[in-house]
There are 2 protein chains.
Amino acid sequence: MADVARAAGVSVASVSNYLNHRPYMTEAMRARIAAAVADLGYQVDAAARNLRSGQTRLLKLSIPDLRQLYFAELAEDFLAQARAHGYGVIVESTSNNRDRELESVRSMGTRLADGLILSPQLMTHGDEPMLAGDWPLVVLGERLFDAPAPHVAIGNRAGAKAVVRHLLAAGCRRIAVVGGVRAALPARPAAVGLPGAPAGAPAELSSGVVRTRAFLDAMREAGAPVDARLIAEPEGWGSQDGRRAVRRLLDAGERFDAVFALNDLLAWGVLRGLRDRGLRVPEDVRVVGFDNLDESAAMSPSLTTVDPHRRQIARLAVESLLAQIEEGRRAPAGTIEVPASLVCRESSPAR
Amino acid sequence: MADVARAAGVSVASVSNYLNHRPYMTEAMRARIAAAVADLGYQVDAAARNLRSGQTRLLKLSIPDLRQLYFAELAEDFLAQARAHGYGVIVESTSNNRDRELESVRSMGTRLADGLILSPQLMTHGDEPMLAGDWPLVVLGERLFDAPAPHVAIGNRAGAKAVVRHLLAAGCRRIAVVGGVRAALPARPAAVGLPGAPAGAPAELSSGVVRTRAFLDAMREAGAPVDARLIAEPEGWGSQDGRRAVRRLLDAGERFDAVFALNDLLAWGVLRGLRDRGLRVPEDVRVVGFDNLDESAAMSPSLTTVDPHRRQIARLAVESLLAQIEEGRRAPAGTIEVPASLVCRESSPAR
DNA sequence: CTGAAAGCGCTAACAA
DNA sequence: TTGTTAGCGCTTTCAG
């Protein structure tokens with residue numbers, strides 16, 4: 001910087017002012033500095049700027065796994081949002097590993113990033129103290145625990161309601177839920193230890209619980225009965241799991257005229273499972289997913305699914321985070337729920 | 001750090017030594033410092049460390065688009081590799097935007113990251129000077145231009161060869177290539193402006209050209225004839241494009257007993273396109289893809305495809321980059337090709 | 001083995 | 001408006 005100042009015949013302070021787009025500077029000086037910068041090919045040293053300014057213009061995004069299309073698409077939306085605001089993003093994939101999840105939180109103390117967008121998967125009640133602090137934080141996904149920070153949530157209720165309304169209007173009476181969690185049924189009130197759930201229930205199950213409840217509520221509101229036998233609990237949330245789950249339903253002799261798969265991958269598998277058994281979609285069975293992945297629009301039949309509006313989720317989360325960074329402190333806890341909406345395609349057309 | 005030193009009754013230098021795991025320190029002192037660090041909840045300030053040490057322990061990964069499953073899976077492998085070495089990763093998605101691609105290179109001058117892994121998509125001949133410099137760099141993907149840095153390449157030739165061998169051994173005689181580029185045919189030598197290619201041919205096309213050539217070479221080596229009419233050029237490289245391309249072939253009355261789709265998404269579409277027309281896979285037509293995406297193993301029929309060994313690509317790229325960082329300078333240009341191999345599944349079983 | 005002290009390159013008070 | 005200067009928190013000689 002000193003070199004630039006010398007070359008331009010000004011002080012380093014002026015160079016700094018120029019570099020930081022500060023006003024009150026003669027056009028002549030601005031031009032001279034610009035020339036010197038170009039001449040010398042000068043670029044600000046990020047480390048020095050970070051140290052002095054106390055900011056890095058870097059955000060950290062902590063998500064379970066980029067290989068899950070949902071998170072890849074979400075991450076892409078975050079990168080775009082962050083860039084729009086001049087921020088870079090350190091992506092951390094926690095691979096469904098609790099320690100890594102905690103570590104990515106703990107390391108915020110080094111102030112490598114100005115704020116964290118955390119999509120917790122395995123943190124649970126009791127971990128709240130880990131998140132204590134005044135550094136900017138936004139939590140994503142289901143509310144697994146009472147994080148002391150703003151929480152941007154998927155509109156599970158709105159989504160489930162739209163699905164139920166759509167399917168009932170289409171004349172469906174027996175709706176199977178693939179990815180559902182039986183323990184969420186009112187008869188057996190929300191279990192403490194969900195069956196098969198490791199300590200610190202994974203968000204897969206949690207998403208399952210939340211969406212199952214949302215579905216049940218929507219059905220109740222609509223006055224439609226729910227048959228517990230149609231709630232299929234797959235082993236995981238991949239397409240193979242959906243395929244197996246729907247086959248099991250069929251093998252058990254269950255009859256249904258619609259399947260609500262609680263995420264798109266499950267729905268992809270359901271589509272395959274139904275085809276395996278010679279059932280036509282949507283004629284024999286309608287299928288609705290949840291996530292609205294890009295590929296879901298491209299498949300055959302194209303998938304009717306709930307669009308959680310990822311882009312808006314990303315926008316709200318980044319905006320909240322930047323506001324916190326600006327303020328210099330954590331915003332109060334509170335949930336911002338982005339209403340989800342239904343996208344009707346071939347697997348369950350609007351009419 | 002001064003606080004820690006005071007609390008432990010030692011000098012800041014000793015604290016620094018402790019924090020950086022330097023040897024020659026009495027066990028007692030180590031323990032005292034550890035206690036003080038724990039007591040005060042001290043964490044190193046990254047900005048200060050970066051400034052002083054001249055390193056950030058951050059890598060930058062610049063890829064076209066996380067929504068493309070291939071890159072998402074690749075990115076995940078990079079994150080894992082980087083973490084294994086104690087590095088974080090700034091992910092930059094260039095969205096097929098040449099300016100962003102160049103910008104992500106240019107910004108390396110700020111030394112925010114210690115090195116760059118660049119998967120160029122739109123840079124082209126003439127852009128080499130942009131990459132000049134002594135900072136650590138590894139280029140990924142097809143060799144679009146002569147980057148002055150190590151280049152980790154996908155084993156297109158080995159992959160194509162394995163596919164050709166496999167299909168010929170299975171008795172296939174008319175192999176369609178979806179995603180192929182006619183201009184790569186020897187009759188019309190490599191065109192300067194590929195049809196439909198914007199200036200600075202996108203890597204999609206380049207991958208297409210490279211893989212088409214690899215296929216043609218493999219066919220020639222095997223003494224098998226190639227029918228130019230079976231080279232289908234889709235509009236893009238998504239599943240929809242594959243579906244349309246195979247339909248067009250069928251509509252044109254072409255007959256073929258195998259399809260080599262130059263990436264998995266195209267192959268997914270080909271599978272659908274064939275099903276649309278009542279053709280069975282693999283009985284009527286065998287289908288082979290390229291990429292070995294996770295989901296390709298889960299679909300129905302599961303996809304036979306070329307595995308580029310992404311994990312190894314990530315490992316080699318990160319290792320080269322870290323070696324450069326260690327050395328303090330750019331490694332010489334040169335290509336490391338990771339041999340690809342075939343994974344046989346239902347869409348074209350081994351026998 | 002331990003401690004004192006000199007900066008790393010920049011920003012922001014403050015003075016002019 | 002522009003220039004001078006004191007650190008930001010850490011690492012790393014170099015003496016002891």
Side-chain angles (χ1 to χ4, degrees), chain A residues 1-37 40-58 86 88 107-114 135 325-326 328, chain B residues 1-37 40-58 86 88 107-114 135 325-326 328:
Chain A
M1 208 160 105
D3 294 344
V4 174
R6 207 173 307 119
V10 301
S11 76
V12 290
S14 294
V15 177
S16 175
N17 285 338
Y18 165 80
L19 293 172
N20 295 287
H21 312 103
R22 262 185 269 280
Y24 309 132
M25 184 176 271
T26 55
E27 216 27 79
M29 180 177 256
R30 202 189 303 281
R32 285 225 309 287
I33 298 178
V37 165
L40 301 175
Y42 170 81
Q43 290 195 259
V44 178
D45 181 295
R49 167 176 280 181
N50 294 349
L51 174 58
R52 183 57 229 231
S53 69
Q55 305 227 321
T56 58
R57 293 195 81 80
L58 239 32
S107 66
M108 286 306 291
T110 63
R111 305 187 320 132
L112 215 201
D114 293 341
W135 42 273
I325 291 172
E326 188 125 350
Chain B
M1 208 160 108
D3 293 344
V4 173
R6 208 172 306 118
V10 302
S11 74
V12 289
S14 296
V15 177
S16 174
N17 285 337
Y18 165 80
L19 292 172
N20 295 287
H21 312 104
R22 263 184 269 281
Y24 308 132
M25 184 176 273
T26 54
E27 213 29 77
M29 179 176 258
R30 201 188 305 281
R32 285 225 307 288
I33 299 177
V37 165
L40 302 175
Y42 170 80
Q43 290 195 259
V44 177
D45 180 296
R49 168 177 280 180
N50 294 348
L51 174 57
R52 183 57 228 234
S53 70
Q55 307 227 320
T56 59
R57 294 196 79 80
L58 241 29
S107 67
M108 286 306 291
T110 64
R111 304 188 321 128
L112 214 200
D114 292 342
W135 42 275
I325 291 171
E326 188 124 354

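Note that the structure is a prediction, hence the values are computed from the model and not measured. Residue numbers start from 1 in every chain, and the chains themselves are labelled A, B, ... in the order their sequence lines are given, proteins ahead of strands.
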Checklist outcome for this item: Against the side chain of A48(A), the closest entry in dC10(D), dC10(C), dG3(D) is dC10(C)
Item to check | Contact list for DNA chain D against residues 26-37 of chain B - heavy-atom distance below 4.0 Å | outcome: none
Checklist entry - Passes side-chain contact (heavy atoms from CB on, under 4.5 Å), L19(B) versus V4(B)? Steps please. => result CA-CA 11 Å; L19(B) 292 172; V4(B) 173; over 6 Å; no
Checklist entry - Starting at CD of Q43(A) and ending at P of dG9(C), how long is that distance when rounded to a whole Å? => result 15 Å
Next on the checklist: Applying side chain to side chain donor-acceptor pair (under 3.5 Å), can you list everything that pairs with R111(A), at least two apart in sequence or on another chain?
Outcome noted: D45(B)
Next on the checklist: I need the CG-P distance between L19(A) and dA12(C), as an integer number of Å.
Outcome noted: 12 Å
Checklist entry - If you round to the nearest 0.5 Å, how far is CZ of R32(A) from CE of M29(A)? => result 6.0 Å
Checklist entry - Taking the nucleotide of DNA chain C with the closest heavy atom to each, which residue, V10(B) or R111(B), is nearer the 5' end? => result V10(B)
Item to check | CG on N50(A) to CG on D114(A), rounded to 0.5 Å | outcome: 8.0 Å
Checklist outcome for this item: Value for CD1 (I33(B)) from OG1 (T26(B)), rounded to nearest 0.5 Å, stands at 8.0 Å
Item to check | side-chain N/O Y42(B) vs dC10(D) OP1/OP2, d < 4.0 Å | outcome: yes
Item to check | Protein-nucleotide distance (D3(B), atom CG; dG9(D), atom P), rounded to Å | outcome: 10 Å
Between the protein and nucleotides 12-14 of chain D, list the N/O to N/O atom pairs that are separated by less than 3.5 angstrom.
unit_1, atom_1, unit_2, atom_2, d
dT12(D), OP2, R22(B), NH2, 3.2

Item to check | Gap between atoms CG and P, on L40(B) and dG9(D) respectively (whole Å) | outcome: 15 Å
Next on the checklist: In this structure, how many angstroms lie between the P atom of dA6(C) and the CG atom of L51(B), rounded?
Outcome noted: 17 Å
Item to check | Upstream residue (5' side of DNA chain C) when S11(B) and A2(A) are each assigned their closest nucleotide | outcome: S11(B)
Item to check | Closest non-hydrogen atom pair, Y42(B) against M1(B) | outcome: CE1-N, 3.6 Å
Item to check | Considering all heavy atoms, the nearest A36(A)-A8(A) contact | outcome: CB-CB, 3.9 Å
Checklist entry - Whole Å only: how far is the CE atom of M1(B) from the C1' atom of dT11(D)? => result 7 Å
Next on the checklist: Between V10(B) and Y18(B), is there a side-chain heavy-atom distance shorter than 4.5 Å?
Outcome noted: no
Checklist entry - Below 4.5 Å, heavy atoms only, C-beta onward: do N20(A) and R49(A) meet side chain to side chain? => result yes
Checklist entry - Can you tell me how far P of dC8(C) sits from CD of Q55(B), to the nearest Å? => result 17 Å
Next on the checklist: In this structure, how many angstroms lie between the P atom of dG9(D) and the CG atom of D45(A), rounded?
Outcome noted: 17 Å
